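Below you'll find the structure, written out as structure tokens, and then a few comments.
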Amino acid sequence: MNTVLEVNNVYKSLSRREIIKGISFDVKEGEIFGFLGANGAGKTTTIRMLVGLIKPDKGNIRIMGYDIQKNLVKALKQVGSIVEYPDMYNDLTGRENLIIFSRMYGNVSKERIEEIIELIGLKDRIDDKVKKYSLGMKQRLGLGQALLPNPKLLILDEPTNGFDPLGIIEFRNIIKNLARENNTAIFISSHILAEIEQVCDRVAFIDKGIIKSIEYTNKLKNNEEYDKVELIVKDQAKGAELLGKLEYVKTIDILDNKILLSIEKGAFSRLIFDLGKNNIEVESINKLQQNLEGRFMQIVEEA
Amino acid sequence: MFNIIQIELWKFVRRKKFIISLALLMTVCVFCILSTIVAAPKTRGIINEIKRTKDCINILEEQGNLQKDKGASEAVNKGYGKIINDQKEKLIQLEKLADENVPWQERVKQDISYSKQYLEKNWNLPPVAQYQERINIMKKQYYLDNNIPYDYNESIKSFYDMPAEMRIFGLLGLLIIAGIMVVDIVSGENKPATIKLLLTKPIERRKVVLSKFIVSFFVVNGVILLFELIIFIAIGGIFGFGNSSVPAVAGTRYTSVSPEYANELKSIVIPNLSSAFLISSGNFIVKMLVIQILAVTASIAFCFLCSTVIENSNISTGIAVFFMGFTHALVLLKHNGFMYRVQPPTIIDKISAFIFTTYYDGQAVVNGDINMKLGLDFISYRYVLVILIVWIVLCYGISHLVFVRKDITS
């Protein structure tokens with residue numbers, strides 16, 4: 001797969017404060033790349049640099065091989081984007097907004113505009129002024145303008161803000177289809193971890209302007225040293241006493257009526273056997289899957 | 001580039017501020033037409049001057065009799081008698097000039113001869129009054145030499161009245177209205193933050209800022225010229241267009257006098273008659289239009305700068321309107337009673353010479369009266385052209401640099 005977006009050792013300071021401290025990553029054709037970080041971690045600054053709103057102090061960013069510092073226009077011809085809230089021209093209709101943005105790309109046909117209107121589900125309201133739109137409708141229109149040029153790279157910053165549940169599902173499908181059918185590279189930042197987990201192939205974790213880790217979402221589950229287990233037993237004291245004696249149990253945390261355990265990988269069936277053997281009445285037992293949230297928390301805690 | 005200009009044009013004319021400014025300009029336009037129709041017939045022309053002279057004689061006679069009854073001295077009574085006689089003499093002359101049975105050439109010759117006699121008789125007139133009289137002689141001689149019929153009724157005609165109409169346009173804040181039209185053209189993109197969408201599209205920033213300026217220049221000047229054309233056609237349609245080759249005075253230069261002589265000469269700056277020349281009223285209007293277009297463009301460029309440098313559109317609007325309103329008001333106050341200005345120029349007058357809002361009145365620039373108003377002696381047509389172009393280039397240049405280089409963090 002060809003690399004669509006390359007970010008190499010990029011630094012950026014704003015108001016004499018270093019916000020981005022040498023980040024590097026790349027996004028390939030057809031890949032959905034998530035960008036996660038706490039507020040103030042540097043997500044939006046990074047996105048603004050990717051789309052040319054601010055200039056990096058050091059390092060370089062290439063889109064389809066074009067260095068955005070030298071060939072911004074050629075680079076942006078390949079990019080559709082929503083940066084934060086998709087503010088539109090409120091005194092114009094949705095259609096007029098799309099026409100304006102299509103002219104900025106220069107090669108978008110009328111048919112393509114109609115296709116986009118259909119895709120974003122705004123056919124009935126497209127001729128209303130944007131000031132009458134709800135936040136969700138504005139988000140749909142924002143997505144529409146980003147898709148107009150049939151981009152090689154789609155950059156989305158918090159794209160599902162304001163979407164209703166149905167809208168989120170539709171959005172997810174659009175994104176996945178674009179990546180699979182059009183081979184579009186998608187760079188997506190969101191504070192909704194489950195959202196990222198469901199659509200992204202890879203995730204970068206950014207904290208205080210540094211990328212801490214870039215991981216494949218399907219490998220996150222196997223990334224832990226120990227399995228985690230959540231256990232509810234009738235006699236908690238007796239249960240805890242037994243667990244303390246088992247050599248494959250590494251940590252025990254008691255949380256209200258639950259016992260949270262870290263156990264050696266592959267020891268889950270032995271645990272069930274030992275609990276039965278020692279007459280511990282089990283009400284509930286679950287092996288917890290490592291997920292994005294867990295990994296994110298782990299990275300934040302390590303930092 | 002043409003594509004971006006089209007987009008910016010579309011956005012520009014759909015803005016609320018543009019619609020409001022159009023309504024304001026329309027109001028000013030209607031005011032200009034109505035004021036001309038209502039006021040001019042009551043004040044202009046030789047018939048009205050005859051009426052005023054008669055009224056003046058009556059008042060002087062009443063006052064003279066009153067002084068006599070009070071037992072005023074012989075000298076006072078003689079003084080009244082002389083003034084009344086002068087006015088009566090003037091009345092006889094005016095009545096002769098108003099006689100339409102006499103060919104206009106004869107009347108103009110007679111008029112010139114009266115003016116020359118008046119100047120000889122009143123050799124100690126203040127220089128400004130002498131200048132006015134000599135200019136009148138010059139103009140009337142031009143009518144004779146070029147066989148252009150002189151209209152003693154001073155009828156309303158498009159070509160004669162347009163400079164005054166344009167002056168009213170400027171007086172009523174044309175530059176401020178022009179500024180308001182563009183003052184949020186860049187800052188307005190920050191809230192809502194459409195700037196983020198605009199600048200993430202494959203367009204060079206320098207083209208965005210240039211297209212915004214080009215659109216502002218053409219639309220604002222176009223709209224103003226359109227309204228002036230409406231006034232021109234409306235007056236022409238009702239009263240006639242007149243002759244575009246009637247003479248108008250242009251280019252008068254002034255010389256400063258030291259403050260101790262200013263009271264005696266009744267002016268701090270004295271017009272230099274040899275510098276004045278006559279041009280056709282059509283040419284005069286064109287010269288005024290050049291100044292107006294440049295002053296409006298300077299206003300656009302200044303507001304454009306405020307709009308680019310200041311991100312908040314309310315603050316950029318406030319600062320731009322305050323600056324233009326304040327300087328305009330200062331100049332308006334200074335322009336009152338300029339005929340016999342004896343005070344030396346203040347620091348505000350000197351600074352005003354460098355501010356674009358001072359040149360709202362193209363008429364005063366073309367004929368040189370602006371020097372008299374400000375008590376200065378260095379303002380010429382070319383000087384004003386240079387000042388306005390410097391404003392435009394500087395303001396646009398800074399706007400361009402700021403817009404192209406700034407980080408969009410809003």
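Since we're looking at a predicted model, the values are computed, not measured. These numbers come from the heavy atoms of this one structure, side chains and all, not from hydrogens, waters or symmetry mates. Within every chain, numbering begins at 1; the chains are lettered A, B, ... in the order of the sequence lines, protein sequences first and strands thereafter.
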At a 4.5 Å cut-off on heavy atoms, which part of [X] comes close to chain B: side chain, backbone, both, or neither?
{"X": "A:L14", "value": "side chain"}
{"X": "A:I100", "value": "both"}
{"X": "A:Q78", "value": "neither"}
{"X": "A:K12", "value": "side chain"}

How far does [atom1] of [X] sit from [atom2] of [Y], to the nearest 0.5 angstrom?
{"X": "A:R48", "Y": "B:K196", "atom1": "CZ", "atom2": "NZ", "result": "5.5 Å"}
{"X": "B:D407", "Y": "A:T45", "atom1": "CG", "atom2": "OG1", "result": "9.5 Å"}
{"X": "A:D87", "Y": "B:L198", "atom1": "CG", "atom2": "CG", "result": "12.5 Å"}
{"X": "A:S102", "Y": "B:I7", "atom1": "OG", "atom2": "CD1", "result": "7.5 Å"}

Which atom pair, heavy atoms only, marks the closest approach of [X] to [Y]?
{"X": "B:R14", "Y": "A:K129", "answer": "NH2-CE, 4.4 Å"}
{"X": "B:K16", "Y": "A:D91", "answer": "N-OD2, 4.4 Å"}
{"X": "A:L53", "Y": "B:I195", "answer": "CD2-O, 4.4 Å"}

Heavy atoms of other groups near [X] [atom1], more than 12 under 6.0 Å:
{"X": "A:K176", "atom1": "NZ", "answer": "yes"}
{"X": "A:K131", "atom1": "NZ", "answer": "yes"}
{"X": "B:K406", "atom1": "NZ", "answer": "yes"}

Inset, instruction - Pick whichever of A:L50, A:L92, A:I82 has the most heavy-atom pairs under 4.5 Å with chain B. - result: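 It is A:L92.
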Residue [X] versus chain A: region with a heavy atom under 4.5 Å:
{"X": "B:I4", "answer": "neither"}
{"X": "B:R205", "answer": "side chain"}
{"X": "B:K11", "answer": "side chain"}

Legend entry - Sidechain-backbone polar pair: B:N3 side chain, A:R103 backbone, donor-acceptor under 3.5 Å: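 Yes, the answer is positive, given that a donor and an acceptor are paired below the 3.5 Å cut-off.
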Inset, instruction - Check whether any side-chain N or O of B:K201 sits under 3.5 Å from a backbone N or O of A:M104 as a donor-acceptor pair, and report yes or no. - result: no
